[in-house]
Structures are given as C-alpha cells and as structure tokens.
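Since the structure comes first, as structure tokens, the remarks are kept for the end.
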Amino acid sequence: MIGLVDCNNFYASCERIFRPYLENKPIIVLSNNDGCIIARSNEAKSLGFKMGEPIFKKRRMVEQHKVNLFSSNFALYGDISKRVFDVISEHISFYEIYSIDEVFLDFSNFSNPYEEALKLKENVKKCTGIPISIGISNTKTLSKVANHVAKREKNNIYFLEDKDQIIDILKKFSINKIWGIGRRYSSKLEKYGIYTAFDLLQCDEGWIRKMMNVTGLRMVRELKGISSFDFQNANVRKKSICTSRSFSKEICDYEKLSEYISMFSFRCSEKLRLERSCTKTISVFINTNNFKPKKKQHSGYMVKDFDVPTSDSIEITKLALQCLKEMYRMDCEYKKAGVVISDLVPENQVQLHIFDSSDRKRKNKLMKAMDFINGMIGRDSVRLGSSGVINKWKIGKERLSPSYTTKWSDILQIKL
DNA sequence: TCTGGGGTCCTAGGACCC
DNA sequence: TCTGGGGTCCTAGGACCC
C-alpha cells in the first residue's frame, strides 16, 4: 500500500498560518515580479482564478472580491515544507519526498491504513498548521488518483482498494488529470476517442507504447494495479541545477546583464556544493521578451565544458561570463536569463586532468569559508565583485510576507 | 504597463568503433 | 547484379511534473 500526502493549496496555506483572519478568505500567491498566479486557496479557485494566469488581466476581479494577494516567499514555503516532512517522518520510516508539498509513504505495514492516515493528518495540522490530503492505493499512480478523490472527501482521506471501486472511479476520471498525461497527450488521445482513465485501460499496450513511449506504458500498468514506478532512494543527487529569472524591466546593458549572470552562477555553485557535487558542463541562456513580438527577438544559448569538474564559484562564473560575451547582442532587450549546470558528479569521484595546474585544495578552502560566512550572517554577505556592488537584482516583490521562521528580524511577536 | 522557476525521463538520428 | 552485423556515445527535441 502506498499513501500520497499532498498539502492543500500549499503556498496559500503557508500564508494563512500566520494570519488566521484569512480563514475562508480568497488568497492568491504570485510568481516573481508579481506576474502570474502560482497558488490559489479554495475560495480563489471557486471565484474562477486560473493557475498560471497573469494577474494584471484580473485586476478588477481581485478588487471586486477583495482577494488577498501575496508575492511568493520561497524561504517561508521551503521551511514549512521541511517541518511538514519532519512530522511525517515521526509516523512513517519509509517515504519519498516528491516535491515541495508532496510525499509518498510506504503504508504496507499498517493493518488499518485509513486510521493511520487520519492520525497523521491531524498531527500535521496540529504541529504545522498545514491541511493535507492523503490518497491510499496499491501503486503510486493510483494513490495520485485516490488523492484527487480525497480532496473532495470530508476527511480529506481516501482509501482506494476494491477492484470495482477502482473501475468506478477510473470511469469518471478524465485523462488530463492522470499523473503523466499533460496537454499534448490528452489532446492526442482525445482524437482517438479516449476521454477517461478507464478508456485508456481498454487500449492495446503495444499501441500505448507507440503513442506515449515506455513511461506512458508504465503509467497505464500502474492504473491496472501493477506497480511500475519504484520508491526513490532518499539521497538521490541532482542531475542538473538551474538559476534563472525574468527581469521586471528589459535589459540592454551588457554590464548589468553580466552582473545577473555572475549572480546566477554563484547561486548555482552554492546549490552545487550543498549537493556535494561538481559540474562538468555549464550553459547560459538569454531571451528577449516574446510577449513583445514587434521588438527584435533573440534567444541565445551557449554550452561550455570544464577540463576538470568543479564546484568553484570563481571558475564557474568565469566560464558563464565567457558564454554571455560570445552571444550577447547589443541591439536586443533581454527579459530573461539563466545559468544551468549539468553533468554533475559526486565531489569525491572527480576525474583529474593530467595538465591541471590549479591548486584545488586551496580553492576548496576559500569556497568553504564563503559558504560558512554566508550561512552565519546571511546570504550574499560575501560574494563575487563581478555581480555588482549593490543588490540590483532584487526582483519585484511588492506583497512579500515576512519570513517568520527563517529570519531573526521577521520573527513573530506575541503580546500576552 | 504588467506574462515564473526548477526539475526529470525518453527517443531518434548521426557519428563513430570493431 | 550482388556490398554485414553488432555495438556505444552524444545531442536536440519532445513530453511530463510540481
């Protein structure tokens, strides 16, 4: 038996924890630059706000219904997420964290999974203030289905086991809600008259394999109750790391753009060291605003390799800036840029290079010192000169809530 | 005026090897 | 007229997830 925990409207719920007066009020959380809708409370959902919609198109509706808008506060969400998982780990020893607000649980040792889920749900709510839903079934994909159903149940828990019951639900379950079927596949399948999960189960497996390759086939098997996606080991390393941003205003100036690229590279290398990995490959991209098709368009993308895999911020930033230099066009206005590092190897398995003359031990020490200082007294306390002197990259966040749990200056005060 | 960020997996086809 | 068989590695692009 596999349980899937999903935090209800996670980001919106995080904002609500410290503002109980927002209970039953519509809440929307916005992406960077306060651009798109990325989370909605149930109240906001029923008012008709859509995921991913740009908020400026909805200004009037926001005012009309007195919707509470928030800029995204990922420091807060990340910390609350960790607390939720901490509580869960006290109940269950074998679990797989799937995303910031989802975790698969091994429920096979419980004689009464429903009771166990209920206890877990209540404890998470009590300890963190976050409401969760739990779907239970015998494969990951079916537990995802069960979780959908759970969202509408009174207790937010659904145990899906009985064969007839599974068929009943799959007959009403439209394909675009299935885990692993997105917009492309659903419109492709609908052309063949396949509208529900049940319809999909009637198809020939060879045909499914041809249509949706082996991943799609595995998903269909899971719907049939045959487990095809394993539990992931808790400490899988990342295969790539990316830092990218859209700018609130387009940038032409090379100096300014290079400061961003430098900052993105630095951020990537910090994440990389946290993973205890090194990178072999770096790619940099810069894009103009494709919502303004009349303006000159350019999508630059450049990849470069390191002779020796590294996690050194200085080396990584240097190569990234070289990429930028080679593709930057002075007659373009750039709206978005990013740095991706890939081909990651564990730091203790780095292949050395016969002509490598740099003192890697010394560089490592320097990076450790930087990470230590920034960890002690705050991000960017020490950084590279190439990223500029002041925090120019502060992206538009007008409605940012305090970082109640991760910043001393923002800690909640209670009057007794 | 204003449109997010960070990941994963799979496949076909080209280039190469013996 | 007729021209083999069995592999690996890499990349771009397509699909998906939250």
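A, B, ... follow the sequence lines: proteins, then strands. Residue 1 opens every chain.
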* Asked: Heavy atoms under 4.0 Å, any strand shown: does Lys335(A) hit a base, just sugar-phosphate, or nothing?
  -> sugar-phosphate

* Asked: Base, sugar-phosphate, or nothing for Ile241(A), non-hydrogen atoms under 4.0 angstrom?
  -> sugar-phosphate

* Distance under 6.0 Å and angle within 45° of ring axis: Lys140(A) vs Phe231(A) -> yes

* To do: Scan Arg59(A) against the nucleic acid and name what it touches under 4.0 Å (heavy atoms): base, sugar-phosphate only, or nothing.
  => nothing

* When the P atoms of dC18(C) and dT3(B) are considered, how many whole Å apart are they? -> 25 Å

* Asked: Looking across every strand, which nucleic acid part, if any, lies under 4.0 Å from Ile55(A) by heavy atom: base, sugar-phosphate, or nothing?
  -> nothing

* Asked: Roughly, in whole Å, what's the span from NZ in Lys238(A) to P in dC9(B)?
  -> 13 Å

* Asked: Could you give the NZ-to-P distance, from Lys140(A) to dC17(C), as a whole number of Å?
  -> 15 Å

* Structure fact -> To the nearest angstrom, the CG-P distance between Asn32(A) and dG4(B) comes to 9 Å

* Between Phe74(A) and Tyr11(A), does the ring centroid distance fall short of 6.0 Å? -> yes

* Structure fact -> Here the distance between atom P of dG7(B) and atom CG of Leu272(A), to the nearest Å, is 11 Å

* Asked: Checking all strands, does Phe10(A) fall into the base, sugar-phosphate, or nothing category for heavy-atom contacts under 4.0 angstrom?
  -> nothing

